[in-house]
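Data block below; observations after.
Counting convention: from 1, in listed order, for ligands and their atoms alike.
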Amino acid sequence: MQKIIAANWKMYKTRKEAADCAAALVAGLGNVLPQRRQILVFAPFTAIAETSRAFAGVAGLEVGAQNFYPAREGAFTGEISSQMLHDVGADWLLVGHSERRHILHEDLGIVADKCAFALAEGFKLMLCVGETLAEREAGELGSVLERQLSSALAALSEEQRRTLPGRFAVAYEPVWAIGTGKVAGPAEVLDAHARVRSQLEGLLGADAAHIPLLYGGSVKPENAATLIGLDNVDGLLVGGASLEAQSFLQIISAGA
Ligand code: PEP
């Protein structure tokens with residue numbers, strides 16, 4: 001499986017900063033990209049068009065949005081629909097990121113609605129799952145992952161489930177490792193990814209083998225090669241270290 005290296009630019013970058021960073025990525029990719037890596041950038045809404053323009057015509061580079069409202073259009077003041085995001089060049093939608101679950105209070109029902117809607121609208125979907133430190137310490141890792149995965153897929157039609165390979169990825173992101181500098185150790189990543197894979201097998205059968213599993217949480221150029229080399233790690237989701245093109249390029253080429 002081609003490894004996916006995804007950037008989450010969170011609420012950073014003006015349009016010019018995004019365009020400059022995206023252009024630096026294109027220029028710096030050189031020989032690293034072909035065949036071995038697929039690059040995604042989850043840009044802030046206002047910079048999606050610029051990022052998409054900078055990536056136009058370059059194979060293996062795609063743009064996503066970090067959020068959307070699961071309706072085509074309507075009286076939802078302040079919200080952005082997936083079609084509006086398609087219009088500015090987004091191919092992927094990120095759902096269930098811990099900052100949206102924990103800071104913006106998105107519950108399992110909202111995450112499930114968004115997953116079903118994103119797929120119905122023809123997007124590729126990246127679902128984030130992961131436990132808090134308190135949940136891990138209480139021995140709840142398995143039950144948290146099970147709850148987040150099964151509820152997210154619960155609203156999908158049979159047809160949507162069948163067509164997940166190729167347009168669905170799961171990012172395991174322990175909440176305690178996001179933006180904290182604490183990276184999960186190899187044993188923790190192996191354990192969590194094996195659990196996610198086996199839960200996906202229970203939910204999707206043989207198709208689970210074709211769903212990329214990404215690790216996210218304080219990925220840096222220094223630890224990227226180790227993480228990407230682990231069993232069941234099909235990619236990385238990178239926040240802070242993706243904001244600088246040079247550091248993201250080092251992560252992209254790590255282990256390639
Ligand atoms: C993220 O935002 O998904 C993330 C993993 O952030 P960071 O790399 O900064 O921990």
I'd like to know whether [atom1] of [X] has more than 12 heavy-atom contacts from other residues, nucleotides or ligands below 6.0 angstrom.
X: Tyr12; atom1: OH; result: no
X: Gln246; atom1: CD; result: no
X: Glu244; atom1: CD; result: no

I'd like to check which ligand 1 atoms, numbered from 1 as shown, lie under 4.0 Å from a non-hydrogen atom of [X].
X: Leu237; value: 3 (O), 5 (C)
X: Gly217; value: 5 (C), 10 (O)
X: Ala177; value: 10 (O)

Check whether any side-chain N or O of [X] sits under 3.5 Å from a backbone N or O of [Y] as a donor-acceptor pair, and report yes or no.
X: Arg161; Y: Leu204; result: no
X: Gln148; Y: Val129; result: no
X: Gln38; Y: Gly60; result: no

Do any N/O atoms on Ser218 end up under 3.5 angstrom from N/O atoms on ligand 1?
yes
Less than 3.5 Å between some nitrogen or oxygen of Lys10 and one of ligand 1, yes or no?
yes
Looking at [atom], what's its closest protein heavy atom, distance included?
atom: atom 8 (O) of ligand 1; answer: Gly239 N, 2.8 Å
atom: atom 9 (O) of ligand 1; answer: Gly240 N, 2.8 Å
atom: atom 5 (C) of ligand 1; answer: Glu173 OE2, 3.0 Å

Check for me whether [X] has a heavy atom closer than 4.0 Å to any atom of ligand 1.
X: His97; result: yes
X: Gly179; result: yes
X: Cys128; result: no

His193 vs Tyr215 aromatic rings, parallel, tilted or perpendicular, using cut-offs 30° and 60°?
tilted
Answer yes or no: is there an ion pair linking Lys124 with Glu62, defined by an N-O contact shorter than 4.0 Å?
yes
With heavy atoms under 4.0 Å as the rule, classify the contact between Ile178 and ligand 1 as side chain, backbone, both or neither.
both
